[in-house]
Peer 1: 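This is the structure I have questions about; it appears just below.
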Amino acid sequence: MAVIAALSMNAEMYNEMTYTKRGTTFTLVAQKAQAVQLNIYTEGTGGKAIKTVAMKKGPKGTWKAVVKGDLKGRFYTFNVKQGGKMLGENPGMFAKAVGVNGKRGAVIDLAATNPAGWENDKALGYAPTDIIVYESHNRDISVSRKEARYPGKFMALTEPWAIDHLKSLGITAIHLLPSFDYASVDEEHLDRPQFNWGYDPLNYNVPEGSYATDPFKPEVRVSEFKQMVKALHDAGIAVILDVVYNHTMDINNSNFQRTNPDVFYRKRADGTYSDGSGCGNETASDHPLMRQYMIESFNYWAKEYHLDGFRVDLMGIHDIETMNLIRKSLPEDIFIYGEGWSAGTCAYPAEKLAMKVNTYQMPGIAAFCDDMRDALRGPFNDDHQGAFLAGLAGHQESIKAGIVGCIEHPQVDYSKVNYSKKPWAAEPTQSMAYISCHDDMCLVDRLKTSIPGIGIDELIRLDLLGQTAVFTSQGVPFMLSGEEMLRDKKGVHNSFKSPDSINQLPWDNLQKYPQVFAYYKGLIALRKAHPAFRMGKAELVRKHLEFLPVGEGLMAFRLKDHAAGDQWNDIIVVLNANKHACMVDVPEGTYTSVVAAGKVDLDGIRTTTTSRLEVAAQSALIVHN
């Protein structure tokens with residue numbers, strides 16, 4: 001594997017199309033092919049090939065053809081012959097531009113897609129301690145916004161209303177659900193009602209056409225994605241892409257299978273395809289060709305589109321070695337995090353997979369902390385079961401684990417943590433703190449389901465309380481778009497193909513519940529202003545974060561002695577899930593509250609000298625001296 005690692009740093013295997021006005025070079029890695037046919041088309045769909053070229057085999061199973069003349073605006077496919085039969089036309093495994101619905105590759109000049117000022121644009125380089133993630137879907141965020149010029153499109157995120165909202169909220173990074181070319185939306189008929197999250201990969205290295213203003217013109221989706229990135233960067237907002245290398249839409253029709261049959265997928269001992277993704281297949285990151293593909297694809301997105309980070313879907317399907325090689329191949333300031341689990345059993349040893357429990361073996365890579373998530377609001381597999389926010393006992397250690405960033409801490413008893421019986425992060429920034437995300441009930445729906453009869457006032461109190469735990473955690477905070485406006489999805493747990501009426505953001509709620517947005521904004525401002533909440537190093541957390549003894553329904557901790565150089569000496573955070581006010585013993589001192597009873601004011605709400613703090617029912621209290 002050392003050979004593969006060295007190759008990944010210094011050479012490309014998958015540069016399948018290189019355009020110049022004088023001619024275009026096509027290459028394809030098809031190791032066991034008997035022949036490869038290149039077809040050139042006038043259009044992205046329909047019609048017959050205007051030119052067919054027999055590609056020549058070179059070293060290491062690489063096939064090559066040079067077609068003279070200016071092919072800009074033409075389309076192409078490869079057709080591999082193996083085992084005496086043609087496997088089917090496809091745009092190759094690493095197309096960088098495609099026609100409508102991604103069936104044919106497109107010849108474009110990538111440099112011509114760069115927006116004005118692109119040469120000066122770059123990843124923002126935020127440290128993990130400065131990252132506050134806002135998870136969004138390109139369609140959800142804009143389709144119901146009245147003044148949006150480009151509802152549901154990449155370009156919506158270049159519009160003033162979108163930029164102003166994100167800047168006002170204060171987040172520093174937007175996580176875009178899969179925005180590569182995926183299979184389930186018919187780009188030729190966007191007038192028909194269609195929706196999908198996009199976790200069904202077709203062409204991994206091309207932006208999705210349904211988010212472009214014209215999916216028939218290959219250069220448009222590329223250019224508009226770049227315009228979106230630049231607009232967000234200009235606003236100081238990093239861009240993180242959700243990537244789904246763990247499976248393809250299907251096997252038989254995938255570009256992988258039509259190029260290198262059975263090389264890119266894992267099989268069980270009996271010869272059947274393994275299905276750790278729960279989608280019918282799982283890719284084989286441990287195979288040199290797939291490993292190299294992933295390394296190059298990550299780097300291509302980072303370099304061509306100036307991305308700031310990646311969220312790795314079902315990261316637990318990929319092997320640890322591949323994830324570490326990807327991490328090493330990218331600049332240090334590109335942030336990587338993922339789901340530290342799979343959706344089923346993988347045909348690969350669990351101890352070698354990038355599971356959450358193995359996060360400590362992957363420096364610079366973070367995983368989602370479902371320990372704290374479910375301890376706050378209830379388990380993923382039972383929407384009706386509550387936890388801490390519902391006033392149920394027994395969840396304190398799991399919340400404590402999340403608060404310290406899932407590192408070793410002398411006051412966290414991991415034998416009592418719900419899912420993790422030992423620390424799994426070497427540094428707190430390897431833990432993503434969250435309470436909701438796209439593929440589950442949003443927080444409002446979960447509170448309604450797990451607390452029967454809950455009214456709007458109680459719902460808001462508990463919503464704000466839960467997010468206080470997230471934004472004061474030493475892990476990297478992560479929130480679902482729309483939570484700041486009390487979003488609901490009509491109780492739908494898995495809305496991956498639900499209509500806009502379920503998934504769209506309720507922008508009118510900003511006027512209806514202004515206190516919710518104000519609280520989220522205040523919490524984010526508090527975190528950004530005070531390094532005590534984002535110390536970044538395990539030794540600092542163990543030194544400066546101390547849990548205070550409290551009863552059930554309460555959580556309290558102190559950030560002491562100017563933690564991480566904070567201007568405040570001691571900061572005390574108390575979370576009260578009880579339906580009544582509670583008293584908490586603290587060291588005698590003069591304290592100024594900055595969060596109390598659903599309000600945030602960094603300049604101070606009230607100052608008092610005391611050794612006991614009163615915390616209002618179902619709310620958080622944060623004080624300092």
Side-chain angles (χ1 to χ4, degrees), residues 15-21 24 42-45 70-76 91-92 94-124 136-139 141-143 148-163 174 176-182 185 187-188 190 198 202-235 237-243 297 299-308:
N15 185 15
E16 294 179 348
M17 189 277 295
T18 303
Y19 163 80
T20 70
K21 289 184 177 181
T24 301
T42 302
E43 303 296 334
T45 183
D70 191 347
L71 294 186
K72 186 177 180 181
R74 302 298 193 192
F75 298 85
Y76 65 90
F94 212 103
K96 298 172 182 175
V98 295
V100 67
N101 282 327
K103 302 302 182 184
R104 294 173 182 169
V107 180
I108 69 170
D109 181 359
L110 279 169
T113 66
N114 295 342
W118 188 245
E119 68 278 6
N120 298 318
D121 183 81
K122 60 181 180 180
L124 297 179
S136 180
H137 183 277
N138 283 289
R139 189 170 177 87
I141 194 169
S142 58
V143 72
R149 290 180 58 203
Y150 303 101
K153 306 298 182 182
F154 292 131
M155 291 295 288
L157 286 174
T158 70
E159 297 183 56
W161 65 264
I163 297 294
I174 186 168
L176 299 175
L177 265 65
S179 300
F180 51 73
D181 187 46
Y182 58 84
V185 169
E187 298 169 2
E188 290 191 81
L190 294 179
L202 185 61
N203 294 291
Y204 281 100
N205 303 293
V206 187
E208 163 62 17
S210 67
Y211 300 146
T213 57
D214 189 344
F216 291 87
K217 295 180 180 179
E219 69 279 5
V220 171
R221 63 179 78 189
V222 176
S223 177
E224 290 180 348
F225 191 101
K226 291 177 178 179
Q227 291 178 63
M228 172 187 67
V229 171
K230 186 176 185 303
L232 290 163
H233 280 175
D234 288 348
I237 299 168
V239 182
I240 295 169
L241 183 62
D242 200 326
V243 291
S297 185
N299 277 270
Y300 175 71
W301 280 102
K303 292 173 184 176
E304 185 65 32
Y305 293 96
H306 302 179
L307 294 184
D308 303 84

Peer 1: Minimum heavy-atom separation for P178 to G198, with atom names?
Peer 2: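 Result for this residue pair: CB-O, 3.2 Å.
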Peer 1: Only distances under 3.5 Å count here; give the side-chain donor-acceptor pairs of residues 100-109 to other protein atoms, sequence neighbours excluded, each with its distance to 0.1 Å.
Peer 2:
| unit_1 | atom_1 | unit_2 | atom_2 | d |
| --- | --- | --- | --- | --- |
| N101 | OD1 | E187 | N | 2.7 |
| N101 | ND2 | D186 | OD1 | 2.9 |
| R104 | NH1 | E43 | O | 3.0 |
| R104 | NH1 | G46 | O | 2.9 |
| R104 | NH2 | G46 | O | 3.4 |
| D109 | OD1 | A111 | N | 3.2 |

Peer 1: About how many Å separate CG of N203 and CD of E208, when rounded to the nearest 0.5 Å?
Peer 2: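 So the gap between those two atoms works out to 10.0 Å.
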Peer 1: Can any side-chain N or O of E159 pair as donor or acceptor with the backbone N or O of W161 at less than 3.5 Å?
Peer 2: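 Looks like no, no N/O pair under 3.5 Å.
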Peer 1: Report the relative orientation of the aromatic rings in F180 and Y204; use parallel for angles under 30°, tilted for 30 to 60°, perpendicular for over 60°.
Peer 2: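 It falls in the tilted class, 30° to 60°.
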Peer 1: Name all residues meeting the side-chain contact (heavy atoms from CB on, under 4.5 Å) criterion together with V220; count only those two or more places apart in sequence or in a different chain, and write none if there are none.
Peer 2: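 Checked V220 against side-chain contact (heavy atoms from CB on, under 4.5 Å); matches are A212, T213, D214, K217, E224.
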Peer 1: Roughly how far apart are I174 CD1 and I237 CD1, rounded to 0.5 Å?
Peer 2: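 So the CD1 of I174 and the CD1 of I237 are separated by 7.0 Å.
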Peer 1: Taking the side chain as every heavy atom from C-beta outward, state whether V98 and F75 have any pair of such atoms under 4.5 Å apart.
Peer 2: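 When only atoms from C-beta onward are counted, F75 and V98 do not touch, as no gap falls below 4.5 Å.
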Peer 1: Are the side chain of Q227 and the backbone of P115 linked by a donor-acceptor contact shorter than 3.5 Å?
Peer 2: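 No, because the side chain of Q227 does not come within donor-acceptor range (under 3.5 Å) of the backbone of P115.
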Peer 1: Can you find a heavy atom in the side chain of L110 that is under 4.5 Å from one in the side chain of Y19?
Peer 2: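 Of all side-chain heavy-atom pairs linking Y19 with L110, none is under 4.5 Å.
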Peer 1: Verify salt bridge (charged side-chain N to carboxylate O under 4.0 Å, His left out) between R221 and D181, making sure each step is shown before the conclusion.
Peer 2: CA-CA 10 Å; R221 63 179 78 189; D181 187 46; 3.3 Å; yes
Peer 1: Could you report the tightest heavy-atom contact between W118 and K226, atom names first, then the distance?
Peer 2: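 Closest approach of W118 to K226: CZ3-O, 3.3 Å.
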Peer 1: For the residue pair N205 and Y300, what are the closest heavy atoms and their distance?
Peer 2: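 Shortest heavy-atom contact: O-CE2, 3.5 Å.
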Peer 1: Is any side-chain heavy atom of S210 closer than 4.5 Å to a side-chain heavy atom of Y182?
Peer 2: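 S210 reaches Y182 side chain to side chain.
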Peer 1: Does D121 offer a backbone N or O that forms a donor-acceptor pair with the side chain of H233 under 3.5 Å?
Peer 2: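 No; zero donor-acceptor contacts below 3.5 Å.
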Peer 1: First locate atom OG1 of T113, then atom CD of E304, and finally report the distance between them rounded to the nearest 0.5 Å.
Peer 2: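 Interatomic distance, T113 OG1 to E304 CD, rounded to 0.5 Å: 6.0 Å.
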Peer 1: Hey, could you give me the CG/CG distance between L241 and L307, rounded to the nearest 0.5 Å?
Peer 2: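 One finds 5.5 Å between CG of L241 and CG of L307.
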Peer 1: Give a yes or no on whether a salt bridge exists between K96 and E16, defined as a side-chain N under 4.0 angstrom from a carboxylate O.
Peer 2: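 Judged by the 4.0 Å cut-off on N to carboxylate O distance, K96 and E16 do not form a salt bridge.
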Peer 1: Considering non-hydrogen atoms only, spot the tightest contact between S142 and A148 and give its length.
Peer 2: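 Closest approach of S142 to A148, heavy atoms only: O-CB, 3.8 Å.
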Peer 1: Working to the nearest 0.5 angstrom, can you tell me the gap between R149 CZ and T158 OG1?
Peer 2: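 If I round to the nearest 0.5 Å, the distance is 8.0 Å.
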Peer 1: Indicate the atoms forming the closest heavy-atom contact of A231 with L157, along with that distance.
Peer 2: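 In this case the closest contact between A231 and L157 is CB-O, 4.1 Å.
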Peer 1: Determine whether a donor-acceptor pair (N or O, by modelled atom type, separation under 3.5 Å) exists between the side chain of S136 and the backbone of L176.
Peer 2: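 Absent.
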Peer 1: Go through F216 and E188 one step at a time and tell me if the side-chain contact (heavy atoms from CB on, under 4.5 Å) criterion holds.
Peer 2: CA-CA 8 Å; F216 291 87; E188 290 191 81; 4.1 Å; yes
Peer 1: Under the criterion side chain to side chain contact (heavy atoms under 4.5 Å, CB included), which of F154, F225, Y150 is the partner of Y211?
Peer 2: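 Single side chain to side chain contact (heavy atoms under 4.5 Å, CB included) partner of Y211 among F154, F225, Y150: F154.
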Peer 1: What residues form a side chain to side chain donor-acceptor pair (under 3.5 Å) with S179, not counting sequence neighbours?
Peer 2: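 Counting only residues at least two positions away or on another chain, S179 forms a side chain to side chain donor-acceptor pair (under 3.5 Å) with N138.
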Peer 1: Atom CG of D70 and atom NZ of K21: how far apart are they, to the nearest 0.5 Å?
Peer 2: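 Going from CG on D70 over to NZ on K21, the span is 7.0 Å.
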